[in-house]
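Worksheet: one structure, shown below.
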Amino acid sequence: MTSTKISAALAQAAEDEPELAPLYLLYSRLWQLHEQTQESITATLEMADEEALENRIKQGMPLLSFAQLPLEPASFAALAGEIAQTIRDFDVEVSDLTLPDGPAEWFALAERRFEEMQAVEGLPPVPEEGLSLAQRATDLALRPYLAWAAERIMPHVEQDWWKRGYCPVCGGAPDFAVLDNDTGARHLLCSRCDTQWLYKRIGCPYCGTDDHTKIVYYPSDDEVYRLYVCQECQHYLKAIDLRKAGREDVSLPLERIFTVAMDMAAQSQGFRAP
Ligand SMILES: [Zn+2]
Ligand SMILES: [Zn+2]
């Protein structure tokens, strides 16, 4: 889907659901910044050879390290600062408005968040008082760089090698799933870098339980979307079923935004996002 189409789709969503309009406008602005940044990257990704990649992945180690990202402190700080301002303009709830002082501090925070938000040893930490403005802006500013790297790494990864509950590229937790058109196989979508990877049909990617009695799903009225909730760990996962969607042109990162009402419903029932 082109970015013009995406802006139009978000503007339409804002019109259709006026109560969610501010959120859609916020996502639209963040999307623009994401695209501009990703398009402006001219670096090449330094990658290990195929055998080393395969070894890492078979041991459950994500493939991307922070050092591989083409981050330059000044431009990263400018992007993160702009995102922080956007978040403030839209009154997103944050716990602390203090921002890093200059590019070196932003860069250090980026490295810290890259490591902290890996779900490899269980789920990433959820701060009691919620994320600070600096953390949120940093996470969002990392996304175009992570997505850029993921596009280059994933062609070298066989889907059958992985099947874990966290992302094979960046180690992030999933926040969306897709059931594919032919077989209904389930793929997860990384909350950080938008990588898609194959996962089992039933089972919770957050706590790993396979116990069918612990996982419940609620279909939308038209059965296009599903909300899985896990009674073992209290996390939820949104999904789209392409067998029911009846359209080809589906962008999962966009579907993640269109289903923001499902997040609200799940959270109001006490279930947690990743
Ligand atoms: Zn990822
Ligand atoms: Zn669970």
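Side chains included, hydrogens not; waters and symmetry mates left out as well; all remaining heavy atoms used. In each ligand, atom 1 is the first atom listed, and ligand 1 is the first ligand listed.
Rounding to 10°, one obtains 100° for the angle at the Zn ion (ligand 1) between SG (C193) and SG (C167). Rounding to 10 degrees gives 110° for the angle at the Zn ion (ligand 2) between SG of C233 and SG of C204.
Judged by the 6.0 Å and 45° rule, R29 forms no cation-pi pair with F90.
Because the distance cut-off is set at 2.8 Å, C230 qualifies as a neighbour of the Zn ion (ligand 2) through one of its N, O or S atoms.
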Exercise for the section: Decide side-chain contact (heavy atoms from CB on, under 4.5 Å) for R192 and Q118; before the verdict, give the C-alpha distance in whole Å, the side-chain angles of both, and the deciding distance to 0.1 Å. Expected result: CA-CA 10 Å; R192 305 207 303 172; Q118 293 199 329; 3.9 Å; yes

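A centroid separation of less than 6.0 Å is found between the aromatic rings of F107 and F66.
Using cut-offs of 30° and 60° for the angle between ring planes, the F76 and W106 rings count as perpendicular.
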